[in-house]
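Inspection log for the structure reproduced underneath, given as structure tokens.
Lettering of chains follows the sequences in order, A, B, ..., and the numbering in each one begins at 1.
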Amino acid sequence: MERTLIESLAQHAGERVRVRGWVNAVRDQKRVQFVIVRDETGMAQVALPKPEEPGELNEAVSALTVESAVTIVGEVALDERVKLGGLELRLEELSVDSPAEPEVPIAPDSALDKRIDWRYLDLRRPDRRLIFEVQTTVERAMREHWASLGFLELHSPKLMGSASESGAELFHVDYFDTDAYLAQSPQFYKQMAMSGGFGRVFEIGPVFRANPSFTSRHDTEFTSVDVEISWIDSHEDVMAFEEAWVAHVLAVVAEEHGAEIESVLGGEVIVPTLPFPRIPLEEAKALAAEQGVEVPGVGHDLDPPSERALSAAVRERHGHEFVFVTDYPTTVRPFYHMRHEHDQTLTKSFDLLWRGLEITTGAQREHRYEPLLAQAREKAVDVDSIQYYLDFFRYGAPPHGGFGFGLTRLMMMLCNQDNVREVTFLYRGPHRLTP
RNA sequence: GGGGGCGUAGCUCAGCCGGUUAGAGCGCUGCCCUGUCACGGCAGAGGUCGCGGGUUCGAGUCCCGUCGCUCCCGCCA
């Protein structure tokens with residue numbers, strides 16, 4: 001007998017069906033027993049009358065523990081008395097595929113760390129599942145947009161012989177008789193794809209950062225979305241791509257999950273208008289300062305409080321949740337960011353902030369060998385260790401640019417969660433390597 | 001790397017200026033209950049107050065150390 005999903009039970013009124021899922025609750029009364037069963041599509045009530053002399057099936061129901069994995073056969077009966085979907089299953093057969101121990105170690109309001117200890121139990125909650133349904137939609141919508149523009153998908157190596165210069169700390173691994181590092185970013189490889197003539201590429205993959213960061217928005221392994229585009233005229237082209245792409249993703253999410261995100265997770269999905277506001281860094285600081293926060297001085301990046309203040313100011317002035325901050329000084333950017341022709345102290349780069357959180361860093365890259373080499377030396381980069389990378393630009397590299405995008409951070413904001421650990425299937429942090 | 005906060009029952013927490021038998025709700029176990037739906041009622045079990053040391057007649061409470069968790073800053077996406 002085939003399995004029937006709970007969401008489709010209404011279409012099987014009067015039929016005998018087989019439902020498989022978890023025991024959500026048992027209400028064992030004198031004359032009638034109820035079991036609430038839950039599968040990945042919803043919950044349904046199972047009912048069984050209890051005669052004076054309880055039968056074997058009654059005993060089996062009495063012995064059920066919450067969260068046991070069960071298979072149930074019964075007839076679907078429409079019944080207005082039932083608040084849960086107006087229907088119930090009249091129980092005929094019950095088998096326990098795997099019993100749960102009597103006391104579940106976590107509750108929905110348990111501390112996050114404890115819920116992560118028992119992540120598989122936490123993930124059974126419908127609201128936790130919704131996060132991953134949304135993530136699946138997000139990635140599908142991203143790919144739709146890339147596909148429509150002829151992008152190629154990349155799978156770059158995560159083991160590297162040298163740093164990729166993201167500025168973050170590196171994880172070291174033993175590699176036979178030498179050392180290797182876990183990739184902090186596919187940066188160098190997606191640029192190689194440009195020199196390889198791929199034109200436009202993207203990658204969704206893990207990146208590793210050995211930062212001892214103890215915040216709600218950092219992890220040591222997270223999913224990065226990387227994009228690189230050839231034959232651009234400036235970083236403006238990259239921003240134009242990104243804003244259209246983000247707007248498409250949010251439009252699809254709003255359409256498919258907007259109502260559920262609002263009712264279950266309490267977040268509103270607002271489809272952004274184009275173009276996103278663009279504000280040079282120094283102007284952004286001035287705007288943030290007007291909100292009453294102390295902002296970092298010239299030559300420094302925005303700090304988190306000023307990022308939040310900036311987003312608040314942009315929302316007030318432009319009615320927009322996104323803002324591109326542009327024209328970062330070379331002091332806070334890596335050597336491969338291209339510099340402005342008219343001002344060599346500023347890079348053709350940008351960050352994208354959403355609701356006060358940095359979700360992207362992007363730039364036009366320096367594709368000319370000599371300036372790139374000079375900039376690397378100026379930044380005191382060990383040129384020998386990245387010669388393989390510099391070589392990408394020796395035999396005709398197209399002008400190009402791109403960005404790195406924190407999928408995990410997007411998901412956190414999109415699902416109205418206050419910690420990236422909530423939206424990460426299995427979080428990895430300085431003190432978290434299991435489960 | 002710097003700073004703040006928190007560790008009390010399976011879970012979430014209360015416990016005042018230090019005071020003698022450490023509490024609540026949920027969960028669990030048992031009994032009761034005409035259809036519940038956050039079912040309800042009664043009873044019960046369950047604690048080395050993170051750990052070590054100190055102060056004190058007396059420490060869950062104060063001090064020191066330590067371990068764990070957490071948030072903020074730095075760093076980044």
Quiz item: Quick one: which of B:C69, B:G35, B:C33 gets closest to the side chain of A:K30?
Solution: B:C33
Quiz prompt | C1' atoms of B:C72 and B:U66, separation to the nearest Å | solution = 24 Å
Quiz item: With sequence neighbours excluded, what pairs up with A:E221 under the salt bridge (Lys or Arg N to Asp or Glu O under 4.0 Å) test?
Solution: none
Quiz item: A:A111 near the nucleic acid: base, sugar-phosphate alone, or nothing, with a heavy-atom cut-off under 4.0 Å?
Solution: sugar-phosphate
Quiz prompt | Nearest-Å distance once atom P is located in both B:U48 and B:U8 | solution = 12 Å
Self-check item: Protein-nucleotide distance (A:L112, atom CG; B:C69, atom C1'), rounded to Å
Solution: 11 Å
Exercise. Determine the Euclidean distance between corresponding C1' atoms of B:G18 and B:G58; express it in Å to zero decimal places.
Key: 8 Å
Quiz prompt | Value in whole Å for how far the P atom of B:A38 lies from NZ of A:K83 | solution = 5 Å
Practice problem: Select base, sugar-phosphate, or nothing to describe what A:D351 touches, counting heavy atoms under 4.0 Å on all strands. | Solution: nothing
Practice problem: Would you mind classifying the nucleic acid contact of A:R409 as base, sugar-phosphate or nothing, using non-hydrogen atoms under 4.0 angstrom? | Solution: base
Practice problem: Return no unless some side-chain N or O of A:Q29 is found under 4.0 Å from OP1 or OP2 of B:G35. | Solution: yes
Quiz item: Given atom CG of A:L64 and atom C1' of B:U36, what is their separation to the nearest angstrom?
Solution: 16 Å
Quiz item: Of the nucleotides B:C28, B:U36, B:A77, which has the atom closest to the A:V66 side chain?
Solution: B:C28
Quiz item: Does NZ or CZ of A:R333 come closer than 6.0 Å to the centre of the six-membered ring of A:Y328, within 45° of the ring's axis?
Solution: yes
Self-check item: Any donor-acceptor N/O pair, A:E88 side chain to A:A77 backbone, under 3.5 Å
Solution: no
Exercise. Check whether any side-chain N or O of A:R115 sits under 4.0 Å from OP1 or OP2 of B:U12, and answer yes or no.
Key: no
Quiz item: B:G27 and B:C42: how far apart are their P atoms, nearest whole angstrom?
Solution: 14 Å
Quiz item: Could you give the CZ-to-P distance, from A:R209 to B:G74, as a whole number of Å?
Solution: 16 Å
Exercise. Grab the CZ-C1' distance between A:F214 and B:C6 for me, whole Å please.
Key: 16 Å
Quiz item: Under the rule syn = chi within 90° of 0, otherwise anti, which is B:C67?
Solution: anti
Quiz item: Base, sugar-phosphate, or nothing for A:D219, non-hydrogen atoms under 4.0 angstrom?
Solution: base
Quiz prompt | Nucleotide nearest A:D113 when distance is taken to its side chain, options B:C73, B:U70, B:U12 | solution = B:U70
Quiz item: Between B:U36 and B:C11, how far is it from one C1' atom to the other, in whole Å?
Solution: 25 Å
Quiz item: Which part of the nucleic acid, if any, lies within contact of A:E88, taking any heavy atom under 4.0 Å across all strands shown: a base, the sugar-phosphate backbone alone, or nothing?
Solution: base
Quiz item: OP1 or OP2 of B:C76 less than 4.0 angstrom from a side-chain nitrogen or oxygen of A:R333, does that happen here?
Solution: no
Exercise. Could you point out which residue of A:T424, A:N211, A:V207, A:N419 forms a side-chain contact (heavy atoms from CB on, under 4.5 Å) with A:D219?
Key: A:T424
Self-check item: Per A:D109 side chain, nearest of listed nucleotides B:C11, B:G35, B:G1
Solution: B:C11
Quiz item: On a whole-Å scale, what distance lies between the C1' atoms belonging to B:C76 and B:C62?
Solution: 42 Å
Quiz item: Which residue lies toward the 5' end of RNA chain B, A:D301 or A:R432, if each is placed at its nearest nucleotide?
Solution: A:R432
Quiz item: On a plain distance test, is the side chain of A:H218 in donor-acceptor contact with the base of B:C75 below 3.5 Å?
Solution: yes
Quiz item: Is any side-chain N or O of A:N211 closer than 4.0 Å to OP1 or OP2 of B:G1?
Solution: no
Quiz item: Over how many whole Å does the gap from A:E52 atom CD to B:U34 atom C1' extend?
Solution: 11 Å
Practice problem: Taking the six-membered ring for Trp and the single ring otherwise, decide whether the centroids of A:Y336 and A:F392 are under 6.0 Å apart. | Solution: no
Exercise. Would you classify A:F403 as touching base, sugar-phosphate or nothing, given that sugar-phosphate means primed atoms plus P, OP1 and OP2, and contacts are heavy atoms under 4.0 Å?
Key: nothing
Exercise. May I have the step-by-step check of salt bridge (Lys or Arg N to Asp or Glu O under 4.0 Å) for A:R355 and A:E321, ending in yes or no?
Key: CA-CA 6 Å; A:R355 298 178 179 171; A:E321 292 190 327; 3.1 Å; yes
Quiz item: Where the side chain of A:S213 is defined as all heavy atoms beyond and including C-beta, which of B:C11, B:U36, B:G74 is the nearest nucleotide?
Solution: B:G74
Quiz item: Think A:R421 has a side-chain N or O under 4.0 angstrom from the OP1 or OP2 of B:U70?
Solution: yes
Exercise. Heavy atoms only: give me the nearest A:V37-A:I6 pair and the separation to one decimal.
Key: O-CD1, 3.5 Å
Quiz item: Dot-bracket for RNA chain B, 5' to 3', with Watson-Crick and G-U pairs under 3.5 Å, [ ] for crossing pairs and | for other-strand pairs: what is it?
Solution: (((((((..((((.....[...)))).(((((.......))))).....(((((..]....))))))))))))....
Exercise. Could you give the distance separating B:C49 and B:U61 at their C1' atoms, to the nearest angstrom?
Key: 10 Å
Quiz prompt | Pair A:S62-A:D28, side-chain donor/acceptor within less than 3.5 Å | solution = yes
Quiz item: Given the side-chain rings of A:W245 and A:F403, with only the six-membered ring counted for Trp, is the space between their centroids under 6.0 Å?
Solution: yes
Quiz item: Base, sugar-phosphate, or nothing: which does A:V225 touch, judged by heavy atoms less than 4.0 Å apart?
Solution: nothing
Self-check item: Rounded distance in Å - CG (A:L433) to P (B:C69)
Solution: 11 Å
Quiz item: Just wondering, do A:F34 and B:G35 stack (centres under 5.5 Å, planes under 30°)?
Solution: no
Quiz item: Nearest to the side chain of A:K114 - B:U12, B:G74, B:C72?
Solution: B:U12
Quiz item: Of the nucleotides B:U12, B:C28, B:U34, which one has an atom closest to the side chain of A:E103?
Solution: B:C28
Quiz item: Under 6.0 Å between ring centres, would you say that holds for A:F276 and A:H318?
Solution: no
Quiz prompt | Inter-nucleotide C1' distance (B:A77, B:G4), Å rounded | solution = 25 Å
Quiz item: From B:G35, B:C71, B:A77, pick the nucleotide closest to the side chain of A:S216?
Solution: B:C71
Exercise. Would you classify A:D28 as touching base, sugar-phosphate or nothing, given that sugar-phosphate means primed atoms plus P, OP1 and OP2, and contacts are heavy atoms under 4.0 Å?
Key: base
Exercise. Write down the distance between CG (A:D418) and C1' (B:U70), rounded to a whole number of angstrom.
Key: 12 Å
Quiz item: Which listed nucleotide (B:C75, B:U12, B:C33) is nearest to the side chain of A:R217?
Solution: B:C75
Exercise. By nearest nucleotide on RNA chain B, pick out whichever of A:E358 and A:P296 is the more 5' one.
Key: A:P296
Quiz item: Hey, does the side chain of A:T361 come within less than 4.0 Å of B:A77's phosphate (OP1/OP2), counting only N and O?
Solution: yes
Self-check item: Face-on cation placement of A:R432 at A:Y427 ring, 6.0 Å and 45° thresholds
Solution: no
Quiz prompt | Test ring-ring contact (aromatic ring centres under 6.0 Å, His included) applied to A:H235 and A:H340, A:H400, A:H337, the passing residue | solution = A:H340
Practice problem: Under 4.0 Å between any heavy atoms, over every strand shown, what does A:P305 touch: base, sugar-phosphate, or nothing? Just pick one. | Solution: sugar-phosphate
